[in-house]
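I have placed the structure first, in the form of C-alpha cells, so that the comments after it can refer back to it.
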Amino acid sequence: MFAALVSLDLHIPAVGSLKGKRAVIRALVSRLRQEVNCSVVEMDHQNLWQRAGIGVAVAAGSETGARKVVQQVEKIVARDPRVEIIAFHTELVVPEH
C-alpha cells in the first residue's frame, strides 16, 4: 500500500470573518471527501480570516494510483474560485520491502 500526504496553504481573499472562511473550507473539505474519497482536515491558520492550511491523506494500491489522486486533489482545489493555492506540498510514503 502507498500513501500520499498533501499539505495545502490557501488564501481566501473574499471572506471577511472566520464564519465566512469556515463556510468556504467546509465546502471544499466536503467536495474533496466526496470526489476523491480521502481524509481531509483543516490543520493550520484556524484563527486567521483569509488563510487556511489543509491536510489530505490518500491510500492507494500503487504509486501511480496515489499520484493520480494527488493530481485530482490539486485540480479540485485549483478549480474553486474562492481560494488561491499559496503552497502545495506532497509526500509519498512508499512501503519498505
Side-chain angles (χ1 to χ4, degrees):
M1 179 186 305
F2 292 81
L5 307 173
V6 180
S7 58
L8 295 120
D9 194 6
L10 304 174
H11 179 233
I12 312 161
V15 298
S17 68
L18 286 175
K19 186 176 180 180
K21 169 199 165 177
R22 290 196 175 111
V24 170
I25 295 303
R26 198 174 312 118
L28 184 59
V29 166
S30 177
R31 186 175 315 115
L32 285 169
R33 287 179 178 158
Q34 288 175 353
E35 292 185 25
V36 185
N37 193 23
C38 58
S39 296
V40 187
V41 65
E42 182 181 2
M43 60 183 207
D44 205 5
H45 309 301
Q46 286 93 345
N47 293 322
L48 298 177
W49 290 4
Q50 296 184 341
R51 289 284 302 273
I54 303 292
V56 180
V58 175
S62 68
E63 182 178 348
T64 304
R67 290 186 188 280
K68 284 183 181 180
V69 174
V70 167
Q71 289 174 344
Q72 287 178 299
V73 167
E74 186 174 18
K75 285 179 185 178
I76 290 168
V77 175
R79 278 194 321 236
D80 192 323
R82 299 169 295 179
V83 300
E84 299 171 359
I85 299 174
I86 296 171
F88 185 92
H89 177 73
T90 304
E91 181 179 341
L92 188 63
V93 181
V94 180
E96 294 182 22
H97 296 287

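We're numbering straight along the sequence, starting at 1.
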hydrophobic_cluster_shared for [Y] and [X], side chain cutoff 4.5 Å:
X: Val58; Y: Leu92; answer: no
X: Val40; Y: Val24; answer: yes
X: Val83; Y: Trp49; answer: no

Would you say that [X] contacts [Y] through its side chain, given a criterion of any heavy-atom pair below 4.5 Å between the two side chains?
X: Arg31; Y: Asp80; result: yes
X: Val94; Y: Phe2; result: yes
X: Met43; Y: Ile54; result: no
X: Ile76; Y: Val36; result: yes
X: Leu32; Y: Val77; result: yes
X: Ile12; Y: Ile25; result: yes
X: Phe88; Y: Leu10; result: no
X: Leu8; Y: Ile86; result: no

Has [X] got a side-chain atom pairing as donor or acceptor with [Y]'s backbone, closer than 3.5 angstrom?
X: Gln50; Y: Pro13; answer: yes
X: Lys21; Y: Leu48; answer: yes
X: Glu42; Y: Ala52; answer: no

Contact summary for [X] and [Y], nearest pair of heavy atoms:
X: His45; Y: Gly53; value: CD2-N, 3.9 Å
X: Ala60; Y: Ala66; value: CB-N, 3.5 Å
X: Cys38; Y: Ala57; value: CB-O, 3.4 Å

N-O pairing of Glu35 and Lys75 below 4.0 Å: no
Short N-O contact, Arg51 and Asp44, less than 4.0 angstrom: no
